Amino acid sequence: ALRIVEFSDFQCPFCAQSAPIMKQVVEYYSGLIQYVYRHMPIDELHPDAWNASLASTCADEQNSFWTYHDEIFANQDNLSKDNLFALAQNMSLDMDQFKSCFDSEKYAYQVRRDMNDGAELDIEGTPTFFVNGEMLSGVLSLDQWKVILDAFLLSE
């Protein structure tokens, strides 16, 4: 199967544009690709991105990463801590667990590991994708993805 790894920043407008396209890609190539989200919050540009990444790891702990991921991008204009908590509450997550996870920065090491990996791969902006290790940058349309992925699948 093809492996697509995306390095993304929850506060980046291009990542928000890309998110619904990636959802279509995953549905279209269901069973043929493995899609992995990695955290690349760029603090100096996006002061709320770190908290959003951290919050998403706490949603992941309750098996709700992708739903929460979509909610963050849908509410990208306000990613204050209060709003990140409100999103979790609207999804009926266990708020005691979510709050304790967030406040303890329980999964900060995961976010930092992703950021370090991204830095080692010389990623300069988000979103950056790796398709079986080959780097692609920026927002690609569904049609562009089809051309790229079909070529990869043919060569397998």
Side-chain angles (χ1 to χ4, degrees), residues 1-76 79-81 84 87-88 93 97-98 100-142 144-153 155-156:
L2 281 181
R3 184 176 158 89
I4 302 175
V5 179
E6 175 180 9
F7 283 84
S8 180
D9 171 322
F10 278 122
Q11 222 182 335
C12 146
F14 301 109
C15 298
Q17 280 175 36
S18 199
I21 298 168
M22 292 317 294
K23 204 172 197 167
Q24 291 177 299
V25 168
V26 169
E27 280 168 18
Y28 188 84
Y29 290 95
S30 175
L32 295 171
I33 60 172
Q34 181 196 14
Y35 172 54
V36 180
Y37 184 98
R38 309 268 325 255
H39 299 278
M40 195 78 197
I42 301 171
D43 294 338
E44 53 272 20
L45 293 177
H46 303 132
D48 296 324
W50 167 266
N51 278 349
S53 279
L54 213 52
S56 75
T57 62
C58 295
D60 189 34
E61 186 177 66
Q62 298 186 45
N63 300 312
S64 298
F65 175 81
W66 290 109
T67 310
Y68 194 78
H69 159 284
D70 295 349
E71 286 298 311
I72 291 178
F73 281 129
N75 294 277
Q76 195 183 46
L79 296 179
S80 68
K81 184 177 165 182
L84 290 169
L87 296 178
L93 295 183
Q97 184 183 341
F98 186 86
S100 130
C101 171
F102 184 89
D103 290 342
S104 69
E105 299 205 338
K106 187 172 178 181
Y107 297 106
Y109 73 92
Q110 281 186 2
V111 179
R112 285 203 189 91
R113 185 186 60 209
D114 285 357
M115 291 167 76
N116 291 339
D117 289 351
E120 280 179 26
L121 292 163
D122 295 325
I123 291 175
E124 289 177 3
T126 52
T128 295
F129 300 90
F130 290 88
V131 180
N132 283 8
E134 204 164 299
M135 190 191 282
L136 303 164
S137 294
V139 180
L140 301 169
S141 69
L142 181 59
Q144 287 172 309
W145 273 112
K146 285 180 181 174
V147 169
I148 292 163
L149 297 177
D150 290 348
F152 269 99
L153 289 166
S155 67
E156 280 202 334

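For reference, positions follow the sequence shown, starting with 1. In this text the structure is predicted, and so the values were computed from the model without any measurement.
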May I ask you to decide if [Y]'s main-chain N or O and [X]'s side chain share a donor-acceptor pair within less than 3.5 Å?
X    : Y    : value
T57  : L54  : yes
D9   : I42  : yes
D114 : H39  : yes
Y68  : L84  : yes
S141 : Q144 : yes

Q: Indicate the ring-plane relationship of F10 and F65, choosing parallel, tilted or perpendicular according to the 30° and 60° boundaries.
A: tilted
Q) Could you walk me through whether L79 and I72 pass the side chain to side chain contact (heavy atoms under 4.5 Å, CB included) check? A) CA-CA 7 Å; L79 296 179; I72 291 178; 3.7 Å; yes
(Q) Between Y29 and D150, is the side chain to side chain contact (heavy atoms under 4.5 Å, CB included) condition met? List the steps. (A) CA-CA 10 Å; Y29 290 95; D150 290 348; 2.7 Å; yes
Q: Determine, stepwise, if the pair V25 / I4 fulfils side chain to side chain contact (heavy atoms under 4.5 Å, CB included).
A: CA-CA 10 Å; V25 168; I4 302 175; 4.3 Å; yes
Can you tell me how far apart [atom1] ([X]) and [atom2] ([Y]) are? Round to the nearest 0.5 Å.
X    : Y    : atom1 : atom2 : result
S18  : F73  : OG    : CZ    : 8.0 Å
L2   : L149 : CG    : CG    : 6.0 Å
K106 : S100 : NZ    : OG    : 6.5 Å
N51  : Q11  : CG    : CD    : 9.5 Å

Q. Around atom NZ of K23, are there more than 12 heavy atoms of other residues, nucleotides or ligands at under 6.0 Å?
A. no
